[in-house]
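In what follows, every chain begins at residue 1, and chains take the letters A, B, ... in the order their sequences are listed.
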Amino acid sequence: MGELSKAYVPADVEGPIYERWLAADVFAPDGAGSRADPSLEPFVIIQPPPNITGALHLGHALTFTLEDAMVRHARMRGHPTLWLPGADHASIAAQYVLDRILAAEGESRESLGRDRYLERMWQFINATRAIMLGQERRLGASLDWSRLRFTMDEGSARAVRESFTRLYRDGLAYRTEALINWCPGCRTSVSDLEVVPTPETGMLWTIRYHLVDEATGAPDPNAWIAVATTRPETILGDTAVAVHPDDQRYAALVGRRVRIPFVERDVPIIADDVVDRAFGTGAVKITPAHDRDDYATARRHDLPMITMLADDATVNETGDGYIGLDRFEARRQIVAELEARADLEAARPHEMLIGRCQRSNDVIEPRLKTQWFIRTGPLAEQALAATRDRRTIIVPPRFEKVWENWMTNIHDWNVSRQLWWGHRIPAWYCPDGHVNVSADAAGPAACETCGRPAAELTQDADIFDTWYSAGLWPFSTLGWPDDTDDLRRYYPGSVMETGYDIIFFWVARMMMLGIHFMGEVPFRKVYLHGLVKDPYGQRMSKTKGNVVDPLEAINTAGADALRFALLNGTAPGADQKFSDERLEDARNFANKLWNATRFVAGARPASIDAERATRRERSDHARLGPTERWITSRAAATVEAVDRAFADDNYGEVARLLYDAIWSEFCDWGLELAKIRLGDAAVSDEDREATWWTLVEALDSYLRLLHPLMPFVTEALWAVLPHFADDPDLLIVAHWPSAAAGAASALERDPRLERSVGQLLELVRAVRTARAAAGVPAAAWLPVDVLVPAALDATFEALTPAIQRLARARPLNRVLDRTPLDAAPAGSLAVVIGELEALVHVAAAGRGELAVRSGERARIEKDLAQAEAALASTRARLADPTFNERAPAAIVEGTKQREQELAERVERLRQTASP
RNA sequence: GGGCGGUUAGCUCAGCUGGUUAGAGCGCCUCGUUUACACCGAGGAAGUCGGGGGUUCGAAUCCCUCACCGCCCACCA
């Protein structure tokens, strides 16, 4: 047995313990210290590799805590566990961050050039990655560091090239010119998911387009069609005006032509269902190259598509008179000019949704680009089939609907990014326009179509969307495309744990790519956690300044406290508010546990010497009193309840259960009861030892149960307890209490005993209440008479010293019949608990008059009124024939019993209220 | 425009498939130098379970509806 310092200082225990785990090599499924049973199914967590861009936030802390709890739980149950650490290169996010750092130094992407920029990026991310991994250790994450991976390492690169080549070969990757989301700030395309619809008040302008006179070919100054638009600058790219086919107002105009101002282009008026007759003027300008609807309309009508914006969102060479102007400046000038020409019919504020870049917040411009796309239709179908036939389940289930909806309406995935930090698209183009896609890092030896030598081929300048390599994570990290042992053993994963906010970004892509390349789902279960918000329910963000730094929380309260605080408030898929109070409460809990263990360690009977106390012994059953059996039974009940909560993936429930069991049961009652026998000189050594071993037994179980949530403090405390011969040195690899070979499986439930002891504990509570109500000094001894039914006889006898001490009740007299109670003297309070009745003689403490004094009388009368009301409603129910007829017998019986108890309670209280 | 979640004590939340008098932590009030812990212990005050309707012997729990808050999805210029 070891020693515990008087004060619990998390910082002193956490660091050294993590080092011990590392030294013992217990994290890896095949580590030297692993005690995994190879015949059990491996438990594999797929974790979202965090972005290398910076420090971890509380959301990460929740992720790591949940996953670590899952892994530790499975590890203790004997499963080989694999939790593979990693980092995501986060191309657009990383470039965004680095660009800002460079800007502060007066440099830029352009000034450095691709090679030097990437060099700089590696420096940057190597530094941030080290910080990030250090934070994961501080949190206690039991990741298998021997398998550390990165989405930009060679293994990922190979998987990216190989997978993309196969997708291309299978017709699931294609290159085409299409309308994509362009972020002028990031200078790249982004996926639909990265466009954030932002409500804004813009303007809706009504503009006149003059009809072209069919005879002269000139615009008619007196004839026009008015269109409504929120983006007048796109006039420069208009190639038609559309009206609804059934709109009588414009029926005669369909087929006529109008003159587009500034660019002086004549375009047709067409009819299309897409037009909403009720909106604006009922006529819409069509700008195919810069609007999603218009693009679709143009394709139906075979209209020309004119791109009028450059990459930096200035007007390009097609925009006569406005060339080089920023889009918003061009808009301003165009509106002014239209007004000057009297072609601006109206202008009014308009509420609308503007697409903004998730990263840079720039207004996204839809525009035409030639890019690579993944054909998601067939892939999504497979992913849907997998969730529908439950090969992968989603927790909580309500997200299945969201999943279904998204997967059935999925669009093809634009994977080209005009960025530098990421995996280069493995496509090479020959001057004749032939496309070569190659899994070879060096590219094809020659054009596969025309045989031109490699030197004449040029590789696509673009890189992949970050989520492409992330989507390969579950198998690229296990050696794919090679057929490795790891891949065979650890694919598919058991649980994919992540926040619900990246279900589409990441989970969906892993499912689609995993099924396609591996022929089987990448994971059996998707566990989604919620967002961690500030105490006011606001999303934490750097700009709001309400971000809680996990490291700071760890430094002030300890990693265990942070972990417990996060889990204590969690339910699958539910957001939680995080506050200092929560953290403090968790820290207090760790402290409580520390002190309870310190007490148990220090309470070792002298008859067990230090040497003997290094080996765990089973408590001698014959010597266990009701107290000991109660402690054991409650611990057994907790094991059962915790197992159920784990099975339900309800980690918040696990936390609550253990908090209550350890604090309110084990500490408040168990330890206090045990102190009686431990400190009683009249008790035999053997009995005292049995009591102590009982405490060790219960505490040992609680530490095991709590370990997945609070690994550090439990590991430190477990070290001071005696262990069985087959226990390991470290709790992290010790058996789970309910596991078959569990060291603590001797715990047994005894519901009848729990009820008996429970009633006596209630008696203690009632005496305390009476004492407080009557204003009896805490130190004073109160005489108490108790009427004990035969069934409670033995238990009462055994617990008498405990009741005396805990309630400060002395003399504690057993009375044999009710007579003394019926003749309750003034200055005595009657107490009725289940089968027990008692009289607390407060008068004996010099407070007799208080029993009938106004304050106490009001109190008793209130209790009486409550009891009478309860009795009345219970009787009313029993008098109802339909209740007796339809309610289950057990309920009816219970209600009858209740009626009896209430009647007696009312009688007692009446006597007390009016002596 | 669809869809999801939430609404329980001053605050943060538990209350599973309907069944005694709805619970916990924090905060608040009273008391406490009992040899694990004041990051503690004992006791207490505090809730018409968002509103309305329904099903049922019985509803915080199931159904309908309304209100408010939050989120997701969606091509109305």
For this session: Please determine, for the side chain of A/Ala887, which listed nucleotide (B/G19, B/A77, B/G44) has the closest atom?
Result: B/G19
Exercise. Which of these nucleotides, B/C72, B/G25, B/A77, is closest to any side-chain atom of A/Asp276?
Worked result: B/A77
Exercise. Which part of the nucleic acid, if any, lies within reach of A/Arg765 when heavy atoms closer than 4.0 Å are counted: base, sugar-phosphate only, or nothing?
Worked result: sugar-phosphate
Problem set entry | Interatomic distance, A/Asp585 CG vs B/A38 C1' [rounded to whole Å] | 15 Å
Exercise. Of the residues in residues 572-583 of chain A, which ones touch RNA chain B at a heavy-atom distance under 4.0 Å?
Worked result: A/Lys577, A/Glu581, A/Arg582
Exercise. In whole angstroms, how far is the P atom of B/C72 from the CG atom of A/Leu193?
Worked result: 12 Å
For this session: Among the candidates B/G70, B/A77, B/C73, find the nucleotide nearest to the side-chain atoms of A/Lys533.
Result: B/G70
For this session: Please state how far atom CZ in A/Arg598 lies from atom P in B/C39, giving the value in whole angstrom units.
Result: 14 Å
Exercise. In whole Å, what is the span from the NZ atom of A/Lys6 to the P atom of B/U35?
Worked result: 11 Å
Problem set entry | RNA chain B: stems of at least 3 consecutive Watson-Crick or G-U pairs whose donor-acceptor distances fall under 3.5 Å | B:1-7 with B:67-73, B:10-13 with B:23-26, B:28-32 with B:40-44, B:50-54 with B:62-66
Problem set entry | Nearest-Å distance for atom pair CG/P, residues A/Asp192 and B/A74 | 7 Å
For this session: May I ask you to verify whether the side chain of A/Lys592 and the base of B/C37 hold a donor-acceptor pair under 3.5 Å?
Result: yes
Exercise. Between B/C75, B/C37, B/G70, which one does the side chain of A/His411 approach most closely?
Worked result: B/C75
Exercise. Would you say the base of B/A36 and the side-chain of A/Glu672 have a donor-acceptor pair closer than 3.5 Å?
Worked result: yes
For this session: Using atom CG of A/Leu657 as one end and atom C1' of B/A14 as the other, report the distance to the nearest whole Å.
Result: 10 Å
For this session: State which of B/C39, B/G43, B/A42 makes the closest approach to the side chain of A/Asn591.
Result: B/C39
Exercise. Which is true for A/Val227 with a 4.0 Å heavy-atom rule: it touches a base, it touches only sugar-phosphate, or it touches nothing?
Worked result: nothing
Exercise. Of the nucleotides B/G70, B/C31, B/A36, which one has an atom closest to the side chain of A/Ala778?
Worked result: B/C31
Problem set entry | Per A/His350 side chain, nearest of listed nucleotides B/G19, B/A77, B/A36 | B/A77
Exercise. Only one of A/Trp406, A/Phe399, A/Trp403 clears ring pair (Phe, Tyr, Trp, His ring centres under 6.0 Å) with A/Phe504; which?
Worked result: A/Trp406
For this session: Tell me which nucleotide among B/A77, B/G44, B/C75 gets nearest to the side chain of A/Asp293.
Result: B/C75
Exercise. Which nucleotide sits closest to the side chain of A/Glu653: B/A14, B/G70, B/G19?
Worked result: B/A14
For this session: Give A/Asp294 one of three labels, base, sugar-phosphate or nothing, depending on what nucleic acid heavy atoms sit under 4.0 Å from its own.
Result: nothing
Exercise. What is the distance from CD1 of A/Ile662 to P of B/C40, rounded to the nearest Å?
Worked result: 15 Å
